[in-house]
Amino acid sequence: MEKNGKRWLRFTNQVLSMLLALLGVAACDGSGSVEYGTPVASYHVKGKVVDAETGLPIEGMRVKAGCIYQGDGASWLTHYPEILTSDKQGSFEKRVVDLPGNTFRLIWEDVDGAVNGAYVKDSVDVKIDKFVGGQGWSKGEATVEATLKAKKVTPK
């Protein structure tokens with residue numbers, strides 16, 4: 001009797017396995033919509049860091065760039081903000097891929113000390129007006145552009 005029970009169990013398992021395999025293949029006909037994934041957006045981050053008083057470009061300023069997200073009554077900057085450095089013309093530029101958001105924060109700080117003058121750490125939020133070329137899970141690309149006006153540290 002035990003031998004027949006094992007045969008019946010094996011037969012049932014094989015029939016169910018074939019049935020599930022057929023149903024799985026039938027579900028992959030390509031006519032359905034995509035239901036899994038993560039929304040994504042591309043951002044073209046660019047700008048210039050200038051002295052707030054003189055308007056001259058500042059080289060060597062560190063600029064952190066990332067989306068601000070909101071939920072549950074709180075807001076936060078993306079977990080891994082991009083780090084950029086301004087060149088001799090004070091310019092910085094990078095393409096960034098992140099979750100979609102409607103506000104981008106740029107935080108700049110002086111990391112070279114008094115080499116180019118000492119500047120105060122500051123930030124600005126840039127609203128994103130529109131995304132272009134989005135399809136499916138991709139919201140498209142948005143340009144984030146700002147002129148960052150760095151203020152000199154006042155001696156105490």
Euclidean distance, R62 CZ relative to D112 CG, rounded to 0.5 Å = 10.5 Å
When hydrophobic residues are tied together by side-chain contacts of less than 4.5 Å, even through go-betweens, does I58 share a cluster with V50?
-> no
Taking every non-hydrogen atom, the tightest pair across F92 and K48 | CE2-N, 3.4 Å
Indicate if V40 and V45 have the same hydrophobic cluster label, given that clusters are the connected sets of ILVMFWY residues with side-chain heavy-atom separations under 4.5 angstrom.
-> no
Please list, one pair per line, the donor and acceptor atoms closer than 3.5 Å that link side chains of residues 96-103 to other protein atoms, with sequence neighbours excluded.
| residue | atom | partner | partner atom | Å |
| --- | --- | --- | --- | --- |
| D98 | OD1 | Y69 | OH | 3.1 |
| D98 | OD2 | Y69 | OH | 3.4 |
| D98 | OD2 | T78 | OG1 | 3.1 |
| T103 | OG1 | K127 | NZ | 3.4 |

Under 30°, 30 to 60°, or over 60°: which ring-plane class applies to Y43 and F104, parallel, tilted or perpendicular?
-> tilted
Which residues pass the ring pair (Phe, Tyr, Trp, His ring centres under 6.0 Å) test with Y119, sequence neighbours left out?
-> none
Here the gap from W76 atom CH2 to Q70 atom CD, rounded to the nearest 0.5 Å, amounts to 8.0 Å
Euclidean distance, I68 CD1 relative to L77 CG, rounded to 0.5 Å = 6.5 Å
Extract all donor-acceptor atom pairs below 3.5 Å that involve side chains of residues 140-151 and protein atoms in other chains or at least two apart in sequence.
| residue | atom | partner | partner atom | Å |
| --- | --- | --- | --- | --- |
| E141 | OE2 | R95 | NH1 | 2.4 |

Mind listing the side-chain donor-acceptor pairs of residues 8-16 below 3.5 Å, one per line with the distance, residues two or more places apart or on another chain?
| residue | atom | partner | partner atom | Å |
| --- | --- | --- | --- | --- |
| T12 | OG1 | W8 | O | 2.8 |
| N13 | ND2 | L9 | O | 3.4 |

ILVMFWY cluster membership beyond L56 - transitive side-chain contacts under 4.5 angstrom = none
Report the C-alpha separation of R105 and I107 in whole Å, then their side-chain angles, then the decisive distance to 0.1 Å, and conclude whether the side chain to side chain contact (heavy atoms under 4.5 Å, CB included) test is met.
-> CA-CA 6 Å; R105 180 165 291 162; I107 305 167; 3.8 Å; yes
ILVMFWY cluster, V124 and V120 together (side-chain gap under 4.5 Å) | no
Pairs in or reaching into residues 85-94: which pass side-chain hydrogen bond (donor to acceptor under 3.5 Å, both in side chains), with residues at least two apart or in two chains?
-> H44-E93, E82-K94
